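Below: the structure, in structure tokens.
Because the structure is a prediction, the values reported are computed rather than measured. Below, all heavy atoms of this structure are taken into account, side chains as well, without hydrogens, waters or symmetry copies. Indexing begins at 1, ligand by ligand and atom by atom, following the structure's order.
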Amino acid sequence: MGGAGGMLGTVLCYVLLPLTRLVRSLQDALFTCRKNVLLAKSTTTHIDNFSPSISGKSVPEEQQALLQQWLEEGASDLHPNECGSEPEKVSVISFTEWREGSELLMTSLSDLHISPQSGDQEQPQQQHVVQTEMSPALQEFVETALANIPAEEQEALGDSAVWAAVRTQTDSGIVDAAPLSTDVWIEDPAVIAWSPAQEGDMVSAQGEVWPFQNTGQFQPVSLEIPYHEILWRDWEDLSAFCIPELGSEAGCLFEFRVMSYNILAQDLIEQSPHLYMHCHPDILNWSYRLTNLLQEIQHWDPDVLCLQEVQENHYWEQLEPALIMMGFTCIFKRRTGRKTDGCAICYKQNKFQLINANPVEYFRPGLDVLNRDNVGLVVLLQPLLPENMGDKASSPLCVANTHVLYNPRRGDIKLVQMALLLAEIDKIAKMTDGSYCPVILCGDLNSVPDSPLYKFIRNGQLYYHGMPAWKVSGQEEFCQAVHQRKLQTPLWPSCLGITDSCQFVNLCQSKKSDRRKYSRAFLLQFRYCDVACERPADLIMLEGVTDAVPDRPAHWLKELAVVNNSDSELFCSRYPGTIQHGLNLTSAYSHFLPERGRPEITTMPMGVGATVDYIFYSAKPIRNDNQEYRRMYQDGALKLLGRLSLLSEDILWSANGLPNPFYSSDHLCLLTSFGLEISDC
Ligand code: KL2
């Protein structure tokens with residue numbers, strides 16, 4: 001009996017479930033392929049000189065007509081079984097069905113390209129059309145670049161397949177078409193991957209469809225995952241939270257979009273093929289991924305782009321030239337040692353001017369805790385204000401990008417890598433008056449939200465002494481090792497030249513000499529001032545020691561409270577076993593999807609979803625009366641205006657994880673829109 005039950009279980013697990021999933025996938029795949037063909041036919045969706053400005057309101061007539069045409073074609077009936085035989089009869093779900101039929105599509109992606117004041121967003125005619133077709137020059141360039149890719153990287157790609165990597169996330173507001181020819185759909189790996197009995201290695205003559213080839217002999221009925229629909233990402237417009245407060249000053253914001261994207265280095269795929277067993281080989285092909293990645297970047301059109309896992313040869317040969325054609329200037333820093341990939345920061349040349357770029361190598365010979373090849377990159381950018389802002393000056397913007405060590409057991413190394421980066425940011429972002437200019441910290445931190453490393457960045461301090469090293473990143477919930485490495489004080493030796501406040505020693509020495517100027521009498525006058533009576537946000541709670549609030553003597557004048565509390569040196573107590581930083585960073589993402597009641601996912605190693613990628617930005621700490629120590633922030637000079645929503649694990653599961661034909665990395669990109677306040681505006 002038990003055996004039979006077991007058998008039944010096995011059959012259910014290994015045969016029926018995958019079979020059900022397969023059938024669904026295949027049905028869905030047809031949809032994608034029909035959509036691609038439709039888009040292929042709509043070559044007229046190319047719109048010259050489109051500028052995806054957030055403030056644009058009107059859509060030129062010709063664009064409206066194209067959009068209307070597209071919607072009308074899309075409104076025809078669905079004929080699921082006709083895809084293979086009659087691609088020209090392809091149609092898509094109507095716009096309304098699409099919007100209302102799925103909770104995923106509750107808000108419109110087009111919000112990204114529409115100002116909050118631009119009126120009724122339900123009216124497609126009033127929406128901005130975005131086309132992400134590559135410009136002919138860029139297209140030609142990538143074709144040439146890809147022609148130089150060694151033959152083994154090109155296998156299974158037809159000539160037109162370069163353009164087959166279509167991103168079809170699209171709605172009434174965004175028409176996203178690559179110049180496909182109608183026969184491309186057969187060669188599109190997104191389609192090939194789910195097509196029956198193609199000549200090729202993923203589908204056998206028996207109709208056995210990869211990646212389910214070990215589960216039996218299936219006759220696929222229909223094929224496809226509607227990737228664009230499942231993987232839809234909403235644009236969350238957060239500007240309402242800060243625009244009212246700004247009132248008439250709303251025009252005094254310098255708006256820019258920031259993307260952080262770990263694009264998965266090809267060499268790393270080749271080094272760990274077991275991590276990508278769930279992917280069809282064709283979608284792992286670099287030329288396929290490159291096209292897809294470039295289209296995704298061009299689609300979202302960030303002004304600052306922080307990339308991780310950028311393979312050096314791909315950077316010089318393809319990525320940088322393509323990004324330059326998109327208007328970026330790029331800076332690349334390869335990992336040290338024999339690692340072939342690194343980080344890049346690219347910025348739109350018409351939006352920023354480079355003041356300073358500092359690569360950071362976390363490898364320091366002779367230091368055990370810095371014996372890995374990871375790197376970071378910190379740049380200082382001067383925003384180039386539009387002419388209508390006259391001669392106003394904006395403060396510079398500091399952008400940092402990093403890819404922290406992966407090893408889940410070596411949280412000690414991760415923390416020190418972070419400390420090094422924060423010291424570099426401190427150096428570059430600190431202005432002459434000792435305050436920081438706005439900072440944006442992007443990257444793959446290989447640590448999950450609310451892990452000690454995350455809390456360190458967000459709360460500005462961490463008590464680490466005695467903590468098991470594997471706990472730092474929160475990547476794993478338990479550790480099997482008998483002898484667990486524990487974090488010891490100090491975390492790094494003083495010869496590194498970095499204080500426990502993550503500042504370079506030479507930079508704080510001058511500060512110390514400044515401090516000597518303060519006499520005891522001078523300092524005493526601040527004993528009962530407002531700031532002194534307020535609990536510093538970064539003061540550790542020690543019962544009976546730091547929980548008391550001093551009573552202000554009756555004769556003490558309130559007006560004496562004239563202290564510049566930006567000088568945290570005065571109030572910050574130092575404890576052994578702790579590290580601090582003073583950057584006031586908060587995350588642009590909340591790590592949770594309230595509508596789905598699930599955590600956000602930025603990557604899916606081995607099918608397990610996690611957030612490890614972040615965009616942190618400087619904000620103003622505000623008073624927090626919670627018992628538990630967690631800093632609260634409100635936006636300061638940098639306002640978070642919006643972000644591209646992330647997805648949940650279950651959604652990515654239904655698209656067979658990451659990478660998939662639609663998203664070509666094992667990470668999702670993060671995209672935020674910021675407004676930088678222009679002073680005296
Ligand atoms: O987690 V990552 O993937 O941010 O997407 O960063 C690292 C890992 C990247 C660079 O080192 O390579 C991946 N198991 C799984 N993934 C690994 C491993 C491993 N042992 N080593 C490196 N990576």
Handout entry: Pair Trp470-Glu476, side-chain donor/acceptor within less than 3.5 Å
Key =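 Side-chain D/A pair, Trp470 to Glu476: absent.
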
Exercise for the section: Verify whether one side chain among Thr402 and Tyr362 offers a donor that lies under 3.5 Å from an acceptor in the other. Expected result: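 The answer is yes; a qualifying pair exists.
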
Problem - Within the 4.0 Å heavy-atom sphere of ligand 1, strictly under, residues - result: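 Ligand 1 pocket, heavy atoms under 4.0 Å: Asn262, Leu268, Leu275, Glu309, Arg335, His403, Tyr406, Asp444, Asn446, Asp666, His667.
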
Handout entry: Counterpart residues, side-chain hydrogen bond (donor to acceptor under 3.5 Å, both in side chains), relative to Ser260 (two or more places apart)
Key =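 Checked Ser260 against side-chain hydrogen bond (donor to acceptor under 3.5 Å, both in side chains); matches are Gln308.
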
Problem - Ring center gap for Tyr454 and Tyr614 short of 6.0 angstrom - result: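 They qualify: ring centres under 6.0 Å apart.
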
Handout entry: Arg630/Asp450 ion pair, N-O < 4.0 Å
Key =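 Between Asp450 and Arg630 there is a salt bridge, with a charged N closer than 4.0 Å to a carboxylate O.
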
Problem - Min side-chain heavy-atom separation Tyr276-Pro659 under 4.5 Å - result: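 Side-chain contact under 4.5 Å: yes.
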
